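Here the structure is laid out as structure tokens; the discussion comes afterwards.
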Amino acid sequence: MDCILSFKIKYSPCFFIKCVEKSFVLWYYKYMENFNDKIEYSEIEGTVESITYRNEDNGYTVLTFNNGAYLQTVVGSFGAINTGEMLKLKGRPETHKVYGSQFHAFEYEYIRPATADAIKNYLSNGGIKGIGPATAGKIISLFGDKALEVIENEPHRLCQIRGISLAKAEKISKDFVANYGMQSVMIDLAEMGLTTDESLRAFKVLGVKAAEAIKENPYVLYNENIHINFQRVEIIARSNKIPEDNHFRVESGIMYVVKHNTANGHTCLPKHKVIAAACKLLNLEPPSVESACERLICEEQLISFDMNDVEFVAHPDYYKAEKYAAGRISTFLNFPPPPLSSVENRISAIEIANGIKYHEKQKDAILTALSKGTMIITGGPGTGKTTTIKAIITIMRQFDMEIVLAAPTGRAAKRMTDLTGYEAKTIHRLLEAERGENNRTVFARNDRNPIEGDVIIVDEISMLDSILFEALLRATRLGCRLIMVGDSDQLPAVGAGNVLSNLIASEKIPVVRLDTIFRQAMESLIVTNAHKIVSGEYPEVGGSEGDFFVVHESNTKKAANILCDLVTKRLPAAYGFNPLEDIQLLCPSKKGELGTFNMNMLLSDVFHPPEERKVQFIAHGKTLFLGEKVIQTKNNYDILWTKADGSVGTGVFNGDIGIICSIDRSSGTLTVRYDERMAVYTTDDIEHLEPAYAITVHKSQGSEYECVVIPVIGNPPQLSFRNLLYTGVTRAKRLLVLIGTDESIKNMVDNNKKTLRYTALEKFLTER
């Protein structure tokens, strides 16, 4: 064995860093270095016989390994490896509850084959593209144990073999060098402290000179396509003795501030606030930060503009999205489709046929939708939005118009379908979303390939972030009617932007606000209390026949136990609810005794006691069980699903909630039932599946549940406000239960401090 290249797989604490202070991060890394030394490892050497599975994004690999005595399954994160390669592995044997005996490799060393037999085996097994067993035999016969040196340094000599042209010989050499070049780079990056998947991403972006580039400027790792978080990069930079005022560091720190606030919902920020935050983050004085900010603006990594006599900066993606949206909306308003005729007569005909009488505001909404090209219908629960939409659809169908219905989430789309009787799609499905390069979302439907339809009706418009709204507008052709429906009192989108509020505030778009609660809806305390809450009044509690209750408890630990009992026993017994499908626990926060993290653990133990967890699926450090309630936390456009009618499709989206209905140990897959869709997940796909017995109120937007339970104590002050309570309450159809104190409920109602979001859509609209 001539050459052994050491490649160590580091532990990744990325998930931890987001939650801790910098001092703790430094301690954590030091601790993990000691931790590596304390674990008892074993070592094995052998050859890669076959690769069963490989994720090219993060390097996670399942392979069959020949250790010289027998074949065994090996799992771990690897760089570029091929069948036939010789490795020295460091790790430990494990018994997987689903997949059986396997060796979990935490470190590996690449062993370059040195003998003629080893080289022949490597080449014969596909170690280099373009060389099969027959050609490998000829190469070894001619060059023996010098074969790899010839391939690497004298590829023209391969032309002595029949069937290998000079072009093919050069390609063989290039592939071989690239493969070993990547191995060398991965080793260097591992020595810098990067994990395998981080090294792979860095190599894809920076190429063979990745190590040199990172040594010169570690902050190149804070790249959207490498996405190593800023705190990690800071540690690497300190180890390379990068000065605090290094311009790469300052610029990256500013971009971190902007991106961090984008994740909090802002599409732009006052420049002075960005500079102040960056100074605090970087421990620098304003002049150097201000200079760096100006460089970023000159290089168009940030966009600068004035709003209300204050200079703002924005990430180019969000600036362009809001700028485009404003321009597109203005175009729609300036060039509307022709109004429809005899509309009032048609409204009267529907009233007579259905024995109903529309409220004046409803008539106004119907007339506006049929006479204008673009409009907004807004209103709270029980104000007749669905009845109004159904009338609009009925009349437009009389004109043979093609109508498209859409909503931001799968549950919202299904609800829209159930209420209107017409199929609604998720916006992602409508736009034919696909995964593009570097996992970025791309849409097949756009300005060059618009949506085919005469009318687009979008429900739950408040849930759209600025980027998705731009994509929708790009795919809406000029002359198509766009009717946007939503509740302006609900929480804004999880993503950046405040689309519905900005559109209404601009006063550029026709808006009809439905504010009359109809008699049937007034019989529900859920509806009447929702309107009380949003108006700043305290809710009423229903009696034994009511649908709105408060369970009084001030102790958070006791409240957690009561919540478990309510969800799993008391409410199902009293109302006949299915505890998994009909009841949803909505938590204002993820953290704390009554946050989603803790409540999901408690409820999972109740629904699936440890002694009953016989059928499990383990991957990515998580264990899922047969029958577990789960939520998809990130869009995945590749997951295949089928319906009972035989129809098939792909794509499961952020916020979809389902039940694990089967686990197939032989194929390493599990199936999740999302209403009528059966989605099949592989080992890698479950990375973004999480328990969903409890979800945040933000995640519940666009959904309705038969029964909703909400804890209103033990929540952070910034999450104890009126609109959050209102949004949670309006998710309930038949029963709403709050657990807490009268004081905690009153405090939430009194706190009318809406989530402040810096956005520019309203400004761009009013400038038109």
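Since this is a predicted model, take the numbers as computed values, not measurements. What you see below is based on every heavy atom in this structure, not just the backbone, and it leaves out hydrogens, waters and symmetry mates.
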Legend entry - Value rounded to 0.5 Å, distance of CG in Asp656 from CG in Asn636: 11.0 Å
Legend entry - Verdict with supporting geometry, Asp117 and Thr115, side chain to side chain donor-acceptor pair (under 3.5 Å): CA-CA 5 Å; Asp117 287 342; Thr115 66; 5.7 Å; no
Inset, instruction - Determine, step by step, whether Lys634 and Glu687 satisfy the salt bridge (charged side-chain N to carboxylate O under 4.0 Å, His left out) criterion, reporting the C-alpha distance in whole Å, the side-chain angles of both residues, the deciding distance to 0.1 Å, and the verdict. - result: CA-CA 9 Å; Lys634 187 176 180 180; Glu687 181 180 1; over 6 Å; no
Inset, instruction - Give a yes or no on whether the backbone of Ala444 and the side-chain of Asn449 come within a donor-acceptor separation of less than 3.5 Å. - result: yes
Legend entry - From Ile119, Leu158, Ile151, Leu148, residue fulfilling side-chain contact (heavy atoms from CB on, under 4.5 Å) relative to Phe143: Leu158
Inset, instruction - Go through the side-chain N and O atoms of Ser50 and Thr64 and say whether any donor and acceptor fall under 3.5 Å apart. - result: yes
Inset, instruction - Any chance you could measure Ser239, atom OG, to Glu234, atom CD, to the nearest 0.5 Å? - result: 11.0 Å
Legend entry - Ion pair Arg92/Glu94, N-O distance below 4.0 Å: yes
Legend entry - SB check Glu299 Arg295 (cutoff 4.0 Å): no
Legend entry - Approximate separation, where rounding is to 0.5 Å, of Arg157 CZ and Lys146 NZ: 10.5 Å
Inset, instruction - Taking atom types as modelled, find out whether Ser604 and Glu628 have a side-chain donor-acceptor pair closer than 3.5 angstrom. - result: yes
Inset, instruction - Test Pro218 against every option in Asn246, Ile228, Asn240, Ile235 by the side-chain contact (heavy atoms from CB on, under 4.5 Å) rule and name the one that passes. - result: Asn240
Legend entry - Student check: side-chain heavy atoms of Val672 and Met678 closer than 4.5 Å: no
Legend entry - Cation-aromatic face contact Lys259/Phe230, 6.0 Å, 45 degrees: no
